[in-house]
Number of protein chains: 2
Amino acid sequence: MLQTIPSIQDFKQKIRSFKYNHLTIGFVPTMGALHEGHLSLVRQAKREHNKVVVSIFVNPLQFGVNEDFQKYPRTFERDCELLSKEGVDIVFCPDREEMYPPGFCTAVIINNLEDKLCGKSRPGHFRGVAVAVLKLLNLAQPDNAYFGQKDFQQTVVIKRLVSDLHLDVRIKALPTVRTEEGLALSSRNTYLSELEKKDALCLYKALVKARSMADSGIINVKKVIQEMENIICGYASATIDYISIVNAETLESVTSIEKGDVAVLAVRIGKTRLIDNMLL
Amino acid sequence: MLQTIPSIQDFKQKIRSFKYNHLTIGFVPTMGALHEGHLSLVRQAKREHNKVVVSIFVNPLQFGVNEDFQKYPRTFERDCELLSKEGVDIVFCPDREEMYPPGFCTAVIINNLEDKLCGKSRPGHFRGVAVAVLKLLNLAQPDNAYFGQKDFQQTVVIKRLVSDLHLDVRIKALPTVRTEEGLALSSRNTYLSELEKKDALCLYKALVKARSMADSGIINVKKVIQEMENIICGYASATIDYISIVNAETLESVTSIEKGDVAVLAVRIGKTRLIDNMLL
């Protein structure tokens, strides 16, 4: 039976009882508006643990002042139905006051990683992510925590956080789930019109091009990025935020492609900013 | 038998075995150069737990560029002898590379608290403290961690850190241990000449004056601080860094004294910066 817990105190107590009974915990932190991408994480967590905990918290600290915190899709009841069907044990759903009570003043910064790529166009985003995820990991005390590879930089930031601070948890980044045509699932896809949804395929097409060029032995990054840009510029509603090929750990741009590098990009489709990435 | 462990990997394994056997852990983080103040923490930890862990790590991140990191007293063998006599189980003594390996890039900031008082004259000090203590707490996984009340702002910062990040540990701040004359014990007292040691009593005298004024019903902060300044200015080698009366949680200066407020001060005696405080 799915149990929804909004209170930190109650959540702590529940986790303590799991721990006391030597039950393993798989944890999937989310902002709700769940799709098949989230559910793939939940299913993996379910396969590997006695108990599965999902958090639903639209974290205000990771949204910039002009971003979509207010209009971010909130579908709590539907989310719970979906999670219930998957056999999830607990949905932890604190509100803002519960997570950031008056007097809260701790910030967590992952230097070097937070200002790159998405961090450039979303200043403060990754410290918002970092502090919320750190709090949630400390509360849920999971054996494994699951994140989508779609938010590639996020997974790198969180792995670094966990390693630097010696958290006793394994971070698992699972493959991006896509529509049949290749669009990476994202809660923000609901912002797209039908026409924009078609244009949004340009991210995937550019990434597939990059991979096929890399596969064919091309290591010149400029050449590859030029081809990716050409593809995206063919779509009227698309504006490039960034395209880069980076080292998978440092997120530094590489100048010649090696196996294990990652092509990453952010593109605005109309007013909606989408991100995607692919291992080369 | 005291065991000294410099490796994080070995330390983790040891802690895991304690946890597995349901042993409680009391933890005293130190920078070594131990004195009776530290030992009072160790004894309290010993009374309250199955296992006592002490860390000795002179944390470079909490020293400013022109501060005394290089000359900070290091007395490792003597420290271990003292701790062995107290029945301590483990001394965790990582080196700098072990704590901050290449690639380490996480910073922890306790906003509002870190820039006040000592934070003003030691910029960056408390984020250095915060990240090291957070790492150590995550590694040692203690039931209780012990700190000296002498470093009052540090105890406030760490309590806030623990509360904001939901660490599963109680922070205990134990009373300052003093010489018979009243000088607060500090590893930095070894920097003082015999003459300076006498002058260093001015901190205690000023605090005692503040408390006696508060006890007699005086609530005017300006008046109290003026008297404290008068006392300290009577000592040739003393230069005031700050004197303040603050709320014990927010560290905000108060304008009229209430029970529970704390008189705090930092004074240079010659070249040595000393701090002390007293509950009013």
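Residue numbering restarts at 1 for every chain, and letters A, B, ... go by the order of the sequence lines.
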Contact check, side chains of I109(B) and I109(A), non-hydrogen atoms, under 4.5 Å: yes
Chain B interface, residue from I8(A), L139(A), N112(A), L134(A) that has the most non-hydrogen pairs under 4.5 Å: L139(A)
Closest-packed option against chain B by number of heavy-atom pairs under 4.5 Å, given L136(A), V131(A), N138(A): N138(A)
Euclidean distance, F11(A) CZ relative to H166(B) NE2, rounded to 0.5 Å: 10.0 Å
Chain A contact via Q141(B) - side chain, backbone, both or neither, heavy atoms under 4.5 Å: side chain
Pairs of heavy atoms under 4.5 Å with chain A: top-ranked of G103(B), A130(B), S163(B): G103(B)
Contacting moiety of L137(B), where chain A heavy atoms sit under 4.5 Å: neither
Heavy-atom pair with the smallest gap, counting every atom of R160(B) and T106(A): O-OG1, 4.2 Å
D164(B) (side chain) donor-acceptor with C105(A) (main chain) under 3.5 angstrom: yes
Chain A contacts, top residue of V108(B), L165(B), I110(B) (heavy-atom pairs, under 4.5 Å): L165(B)
K120(A) atom NZ, over 12 foreign heavy atoms within 6.0 Å: no
Residues, nucleotides or ligands: over 12 heavy atoms within 6.0 Å of E67(A) CD: yes
